[in-house]
*Asks:* 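Below is the structure I would like to discuss, written out as structure tokens.
Hydrogens, waters and symmetry mates are skipped; everything else that's a heavy atom, side chains included, is used.
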Amino acid sequence: MQSMLLIICAAAFWFLAFPISSETNVWVWPKPRTFSWPTPQATLLSPAFTIAAPNHTHLSAAVKRYLHLVHAEHHSPLVTPSVNLTPSYDPLQTLFVAVSDLAAPLHHGVNESYTLAIPLSGPANLAAETVWGAMRGLETFSQLVWGDPSRVAVGVYIWDAPLFAHRGIMLDTSRNYYPVEDIVRTIGAMSANKLNLFHWHITDSHSFPLVVPSEPDLAARGSYGPDMQYSPDDVTRIVQFGLEHGVRVLPEIDSPGHTGSWAEAYPEIVTCANMFWWPAGSEWEDRLASEPGTGHLNPLNPKTYQVLKRVIHDVATLFPEPFFHSGADEIIPGCWKADPTIQSFLSNGGTLSQLLEMFVNSTLPYILSHNRTVVYWEDVLLDGNIKVPTTALPREHVILQTWNNGHNNTKRIVSSGYRAIVSSSEFYYLDCGHGGFLGNDSQFDQQAGDNSGNGGSWCGPFKTWQTIYNYDITYGLSGEEAKLVLGGEVALWSEQADPTVLDARIWPRASAMAETLWSGNRDDQTGLKRYAEAMNRLNEWRYRMLRRGIRAEPLQPLWCVRNPGMCDTVQPFVS
């Protein structure tokens with residue numbers, strides 16, 4: 001280990017003596033925090049190339065995976081790189097990996113930094129504090145290998161670490177079902193993009209696909225069918241796959257809203273289940289749900305908590321992740337008001353906010369008893385009609401995820417002292433802009449076409465990669481407030497998504513967020529946004545993802561890719 005550190009330190013001094021290389025030769029996505037390649041050169045990767053690393057269950061799996069990748073991928077760059085192949089140097093034989101702390105678990109805030117030195121001759125060296133940082137470095141190394149026969153960049157020094165600890169994708173598997181293979185492929189792609197949190201929105205009003213051992217009827221009756229369920233073995237496989245790729249799996253069991261599917265097994269604990277979502281002739285304020293699929297858990301029924309606590313216990317057992325997402329979003333007044341017991345509660349002076357507070361007070365301590373930090377959607381605190389006071393949401397145990405009103409709601413959360421996860425629908429919702437999914441919708445019967453601005457969907461238009469890339473999630477915050485922003489997640493809700501479009505809806509737009517949360521979206525020296533420079537690299541990265549089996553959508557015609565800069569505008573950079 002000491003010899004490894006001496007090598008890395010020597011490389012660091014060498015790095016400081018030379019300027020950072022031309023941007024056109026930096027192919028790594030997301031862009032490293034520091035990258036030095038003073039004279040772009042490469043050597044062949046030896047057919048006997050190997051990776052020597054400490055023995056660790058998850059790291060060893062990653063080493064095996066990357067060793068196969070660098071030997072077999074043979075990525076052919078879209079634009080021939082201006083790199084000198086130096087036959088005078090011996091082929092690279094070995095990458096040595098050193099890890100300081102092999103015991104650090106994959107939890108929020110774990111050290112993911114690494115240094116990577118690939119000298120002009122001799123072995124390459126990767127040093128990291130944890131195995132998770134080593135995995136990030138292995139991914140970077142793999143992207144510095146290309147061609148057939150394989151060659152690797154030499155004379156390279158990289159120091160790298162993420163700006164934000166929480167970098168995720170949220171996938172809704174209730175409205176449409178995704179087989180396990182699609183989920184693990186997504187997690188694999190996340191790892192390649194240095195994303196580290198798979199937020200699994202498992203259940204909703206539409207289906208309950210998770211088999212909960214102590215409550216099997218929830219999936220048996222509430223799923224779309226026996227072939228559209230996730231068994232405990234499926235969960236184990238997904239969680240294990242995540243660990244081998246450095247990706248946490250955060251479960252969300254949304255409640256008390258979005259629970260209509262629970263009524264298939266327990267109709268007595270769900271209000272307004274299986275009712276038409278917006279009764280004819282009623283105002284929007286009197287709807288029973290914000291979209292088709294009604295049902296809220298009833299906070300006044302003791303059986304609600306008996307069932308829910310068994311679900312919470314089993315989910316906490318299935319998922320080792322220290323965060324537990326409990327939803328608490330979109331409580332619709334009309335749904336609760338449709339229940340006779342709640343009507344009586346309200347007629348005796350009770351309020352809907354008191355109902356939600358009752359629910360939180362009964363469930364939050366139980367989740368905390370499982371040694372979990374609770375994540376709620378922002379609504380629990382910020383909703384205009386139904387919300388709980390801060391006294392019910394201890395800041396040390398609660399994180400709020402924002403999805404409305406962009407920077408404004410992020411500011412409201414952190415200024416109240418809460419940690420925030422940013423998923424602003426205006427920037428990070430990947431399902432937006434594909435039209436509405438409602439039938440019999442007269443808004444589309446317009447010959448003049450009034451829906452061009454929003455694509456016919458509530459959160460339109462489509463969120464382009466540039467929109468995502470240019471979003472600064474701490475904009476307008478003080479330094480102390482910005483420290484409370486843990487990071488962000490892009491979200492794919494599945495009203496109009498299923499496995500047939502999964503990859504294209506997520507990639508490469510999620511790659512844009514991945515870079516901004518890893519190393520930012522601005523040049524360190526000028527402070528200007530680097531979206532123009534990012535275009536060519538993202539095109540190249542999208543092409544490499546295709547070779548890795550991720551069907552990411554195209555960003556430009558191939559002609560643009562092969563003629564860098566020719567498809568740019570003449571707009572100046574802005575700060």
Side-chain angles (χ1 to χ4, degrees), residues 172-174 177 199-226 228-239 249-274 293-329 331 335-336 339 341-342 355-377 380 392 397-398:
D172 158 29
T173 63
S174 172
Y177 174 82
H199 173 175
W200 190 359
H201 183 91
I202 308 176
T203 66
D204 211 291
S205 280
H206 307 85
S207 76
F208 195 109
L210 180 66
V211 177
V212 178
S214 64
E215 290 288 353
D217 284 350
L218 286 170
R221 300 181 182 181
S223 70
Y224 286 134
M228 296 188 183
Q229 297 175 3
Y230 302 106
S231 70
D233 286 344
D234 291 333
V235 172
T236 298
R237 181 187 171 196
I238 290 167
V239 169
V249 180
L250 165 63
E252 179 185 355
I253 305 297
D254 203 350
S255 64
H258 293 277
T259 49
S261 59
W262 299 51
E264 301 304 314
Y266 294 106
E268 66 273 24
I269 69 172
V270 181
T271 66
C272 88
N274 299 312
T294 59
H296 290 2
L297 295 181
N298 186 345
L300 297 178
N301 189 334
K303 189 171 183 179
T304 295
Y305 304 108
Q306 296 171 12
V307 174
L308 183 54
K309 287 182 177 180
R310 285 193 286 267
V311 171
I312 291 170
H313 172 79
D314 282 7
V315 170
T317 301
L318 287 169
F319 293 86
E321 164 59 35
F323 288 4
F324 186 105
H325 205 305
S326 196
D329 60 312
I331 306 301
C335 186
W336 267 349
D339 181 80
T341 61
I342 292 178
L355 271 182
L356 180 58
E357 185 175 2
M358 181 187 306
F359 182 86
V360 169
N361 287 340
S362 297
T363 55
L364 176 59
Y366 186 71
I367 301 173
L368 297 181
S369 74
H370 288 78
N371 197 28
R372 297 295 190 268
T373 295
V374 182
V375 185
Y376 292 117
W377 292 104
V380 73
H397 297 306
V398 169

*Asks:* Take Trp262 and Val311 through the side-chain contact (heavy atoms from CB on, under 4.5 Å) test and state the conclusion after the steps.
*Replies:* CA-CA 11 Å; Trp262 299 51; Val311 171; 4.2 Å; yes
*Asks:* Contact between Pro256 and Ile331 at the side-chain level, heavy atoms closer than 4.5 Å - yes or no?
*Replies:* yes
*Asks:* Residues two or more places apart in sequence or in another chain: which of them pass side chain to side chain donor-acceptor pair (under 3.5 Å) with Arg221?
*Replies:*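 Result, side chain to side chain donor-acceptor pair (under 3.5 Å) vs Arg221: none returned.
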*Asks:* Considering residues at least two apart in sequence or located in another chain, which fulfil the side chain to side chain donor-acceptor pair (under 3.5 Å) criterion with Thr341?
*Replies:*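 Expected list: Asn298, Asp339.
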*Asks:* Please report the interatomic distance CG(Leu297) to OG1(Thr259), rounded to the nearest 0.5 Å.
*Replies:* 3.5 Å
*Asks:* What pair of heavy atoms forms the shortest contact from Gly295 to Ser205, and how long is it?
*Replies:*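 Here Gly295 and Ser205 meet closest at O-OG, 3.8 Å.
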*Asks:* So do the side chains of Ile202 and Phe319 get within less than 4.5 Å of each other, counting heavy atoms only?
*Replies:*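 In short, these two side chains touch, coming nearer than 4.5 Å.
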*Asks:* Taking the side chain as every heavy atom from C-beta outward, state whether Ser261 and Ser174 have any pair of such atoms under 4.5 Å apart.
*Replies:*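 With C-beta onward as the side chain, the pair stays apart.
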*Asks:* Which residue pairs pass the salt bridge (charged side-chain N to carboxylate O under 4.0 Å, His left out) test with at least one member in residues 199-216, sequence neighbours excluded?
*Replies:* Arg175-Asp204, Glu215-Arg310
*Asks:* Quick one: does Pro232's side chain get under 4.5 Å of Val211's, heavy atoms only?
*Replies:*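 Result yes, sub-4.5 Å side-chain heavy-atom pair found.
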*Asks:* Could you tell me whether the side chain of Leu210 reaches within less than 4.5 Å of the side chain of Val315, counting heavy atoms only?
*Replies:*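 Val315 reaches Leu210 side chain to side chain.
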*Asks:* If the condition is side chain to side chain donor-acceptor pair (under 3.5 Å), which residues does Ser214 pass it with, not counting sequence neighbours?
*Replies:*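 Applying side chain to side chain donor-acceptor pair (under 3.5 Å) to Ser214 gives Asp314.
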*Asks:* Compare every heavy atom of Ile342 with every heavy atom of Thr271, then report the nearest pair and how far apart it is.
*Replies:*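 What the structure gives for the nearest pair is CG2-CD1, 4.0 Å.
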*Asks:* Between Ser223 and Ala219, what is the shortest heavy-atom contact and its length?
*Replies:* OG-O, 2.7 Å
*Asks:* When rounded to the nearest 0.5 angstrom, what is the spacing between NE2 in His206 and CG in Asp172?
*Replies:*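 If we round to the nearest 0.5 Å, His206:NE2 and Asp172:CG are 8.0 Å apart.
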*Asks:* What pairs with His397 under ring-ring contact (aromatic ring centres under 6.0 Å, His included), at least two apart in sequence or on another chain?
*Replies:* none
*Asks:* Does some side-chain heavy atom of Trp336 sit less than 4.5 Å from a side-chain heavy atom of Cys272?
*Replies:*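 Side chain of Cys272 against side chain of Trp336, heavy atoms only: no contact under 4.5 Å found.
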*Asks:* Just jot down the salt bridge (charged side-chain N to carboxylate O under 4.0 Å, His left out) partners of Glu252, sequence neighbours excluded, or say none.
*Replies:*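 With neighbours one apart ignored, the set is empty.
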*Asks:* Distance check, rounded to the nearest 0.5 Å: Asp254 atom CG versus Tyr376 atom OH?
*Replies:* 11.0 Å
*Asks:* How long is the span from the CZ atom in Phe359 to the CG atom in Leu308, to the nearest 0.5 Å?
*Replies:* 5.0 Å
*Asks:* Could you pull out all residues at least two apart from Phe324 that satisfy ring-ring contact (aromatic ring centres under 6.0 Å, His included)?
*Replies:* none
*Asks:* Locate the shortest heavy-atom distance separating Gln229 from Pro226; write the atom from each residue and the value.
*Replies:* NE2-CA, 3.7 Å
*Asks:* With sequence neighbours excluded, what pairs up with Thr173 under the side chain to side chain donor-acceptor pair (under 3.5 Å) test?
*Replies:* Trp200
*Asks:* What's the separation between atom CG in Leu218 and atom OG in Ser207, rounded to the nearest 0.5 Å?
*Replies:* 11.5 Å
*Asks:* Hey, what do you get for OG1 (Thr203) to OH (Tyr230), rounding to the nearest 0.5 Å?
*Replies:*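 OH of Tyr230 is found 11.5 Å from OG1 of Thr203.
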*Asks:* Quick one: salt bridge (charged side-chain N to carboxylate O under 4.0 Å, His left out) pairs with a partner in residues 295-304, sequence neighbours left out?
*Replies:*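 Those involving residues 295-304 are Glu268-Lys303.
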*Asks:* Less than 4.5 Å apart, any side-chain heavy atom of Thr317 and any of His370?
*Replies:* no
*Asks:* Quick one: list whatever passes ring-ring contact (aromatic ring centres under 6.0 Å, His included) with His201, sequence neighbours left out.
*Replies:* Trp493
*Asks:* Excluding sequence neighbours, so at least two apart, what forms salt bridge (charged side-chain N to carboxylate O under 4.0 Å, His left out) with Lys309?
*Replies:*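 Here no residue qualifies.
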*Asks:* The criterion is side chain to side chain contact (heavy atoms under 4.5 Å, CB included); which residues satisfy it with Ser231, sequence neighbours excluded?
*Replies:* Asp233, Asp234
